[in-house]
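Predicted, not measured: the structure shown is a model, and the values here were computed from it. In what follows, every heavy atom counts, from backbone to side chain, and hydrogens, waters and symmetry copies are set aside.
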Amino acid sequence: MKLKQISLLTLLTGALFSIIGVIVPFITLQNYTSQNGAIGIIGGADTPTYEFVVFRIMNGWPFVAILFGITLIVSALFCLIFSKTVKNNCNIKTTALSLGLSAVGAAGLVCAFLWFSIVSFGEMSKHPIEYPVSILLGIVCFFAFVVLIALYFKARKINWSIKGFCIDILTSVIFLPTFFFAFSYLYNTLS
């Protein structure tokens, strides 16, 4: 019963994040409208204008909110539909470790992409702080990833099941894009 209540709460939270991520850009778009509710850009009433508001003006956080909401909704629906399987094969510790693996993996990917974009254009001298920090954080993420994998297998060995292992892998994979775009948003906000 507790799993279903938590899943319903997660489902509602995911819906709230998705709704906020969709509605706030429309409200912001209304602030950029001129008289009679028209946008002061020729042809600016469709998807490109919405994307401009989301990614340029709002720096992409509504997209992260929508992605986080969708991820929570998918996870909650899975737990509601397959609640017996989740109760029998998963526990909080292994799920938390799989989420940690996803977060550390996403942070490592952001660092790797940042490093690659700096190196591929030969701009190491233009980024005297970002270049070494991306390498250092990438290495830290790699070692944290290895440690979390070891901790995961230690925790999973206590309650070993193929279904639980597969569910934890799917949890990591589903949350990876959300963490990746959240860390990319944080990087763009801080730089």
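Residue Phe180 is tested with Phe113, Tyr187, Phe175 for a ring-ring contact (aromatic ring centres under 6.0 Å, His included); the sole match is Phe113.
The CG atom of Leu190 sits 10.5 Å away from atom CD of Glu130, with the distance rounded to the nearest 0.5 Å. A distance of 9.5 Å separates CG in Leu114 from CG in Leu137, rounded to the nearest 0.5 Å. Rounding to the nearest 0.5 Å gives a distance of 11.0 Å between OG of Ser75 and CG of Leu80. How far OG of Ser7 is from CD1 of Ile81: 10.5 Å, rounded to the nearest 0.5 Å. With rounding to the nearest 0.5 angstrom, the CG atom of Leu3 is 9.5 Å from the CG atom of Leu8. Here CD1 of Ile19 is found 9.5 Å from CG of Leu12. Values are rounded to the nearest 0.5 Å.
Applying the side-chain hydrogen bond (donor to acceptor under 3.5 Å, both in side chains) test to Ser161 and every residue at least two apart in sequence or in another chain returns Asn89. Among residues two or more places apart in sequence or in another chain, the side-chain contact (heavy atoms from CB on, under 4.5 Å) test is passed with Leu67 by Phe63, Pro177, Thr178, Phe181. The side-chain contact (heavy atoms from CB on, under 4.5 Å) search around Thr189 returns Asn59, Tyr185, not counting sequence neighbours. Qualifying side-chain contact (heavy atoms from CB on, under 4.5 Å) partners for Ile162, counting only residues two or more places apart in sequence or in other chains: Trp160, Cys166. Residues meeting the ring-ring contact (aromatic ring centres under 6.0 Å, His included) test with Phe116, sequence neighbours left out: none.
The hydrophobic cluster containing Val173 also contains Leu148, counting ILVMFWY residues as joined when their side-chain heavy atoms lie under 4.5 angstrom apart, directly or transitively. Transitive grouping of hydrophobic side chains (ILVMFWY, heavy atoms separated by less than 4.5 Å) keeps Leu151 and Val146 in distinct clusters. Taken together through direct or relayed side-chain contacts under 4.5 Å among Ile, Leu, Val, Met, Phe, Trp and Tyr, Phe142 and Ile135 form part of one hydrophobic cluster. Clustering ILVMFWY residues whenever any of their side-chain heavy atoms sit less than 4.5 angstrom apart, transitively, puts Ile174 in the very cluster that holds Ile66. Both Leu16 and Phe68 belong to a single network of hydrophobic side chains, linked directly or stepwise wherever heavy atoms of I, L, V, M, F, W or Y lie under 4.5 Å apart.
In terms of modelled atom types and a separation under 3.5 Å, the side chain of Thr94 and the main chain of Cys90 share no donor-acceptor contact. For Ser98 (side chain) and Thr95 (main-chain N/O), a donor-acceptor pair under 3.5 Å exists by modelled atom type. With hydrogens and angles disregarded, a donor-acceptor distance shorter than 3.5 Å links the side chain of Ser18 to the backbone of Gly14.
Residue Ser134 comes nearest to Cys111 through the heavy atom pair O-CB, 3.5 Å, listed as atom of the first residue, atom of the second, then distance. Here the shortest heavy-atom pairing between Val119 and Met124 reads CA-SD, 3.9 Å. Contact detail for Lys4 and Ser83: the closest heavy-atom pair is CE-OG, 3.7 Å. Taking every heavy atom of both residues into account, Pro62 and Gly21 meet most closely at CB-O, 3.3 Å. When all heavy atoms of Ala144 and Val104 are compared, the pair lying nearest together is CB-CG1, 3.9 Å. Minimum heavy-atom separation, Phe179 to Ala106: CB-CB, 3.5 Å.
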CA sep, side-chain torsions, deciding dist, call: Ile167, Thr85, side-chain contact (heavy atoms from CB on, under 4.5 Å): CA-CA 10 Å; Ile167 290 170; Thr85 304; 4.1 Å; yes
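The ring pair (Phe, Tyr, Trp, His ring centres under 6.0 Å) analysis of residues 75-104, with sequence neighbours excluded, yields the pairs Phe78-Phe82.
The shortest distance between side-chain heavy atoms of Leu186 and Val110 does not fall below 4.5 Å. Contact of the Ile20 side chain with the Trp61 side chain is registered, since non-hydrogen atoms from C-beta on lie closer than 4.5 Å. Counting only heavy atoms from C-beta outward, the side chains of Leu72 and Leu11 never approach each other to under 4.5 Å.
Ring geometry for Phe165 against Tyr152 counts as tilted: the plane angle lies between 30° and 60°, on a 0 to 90° scale.
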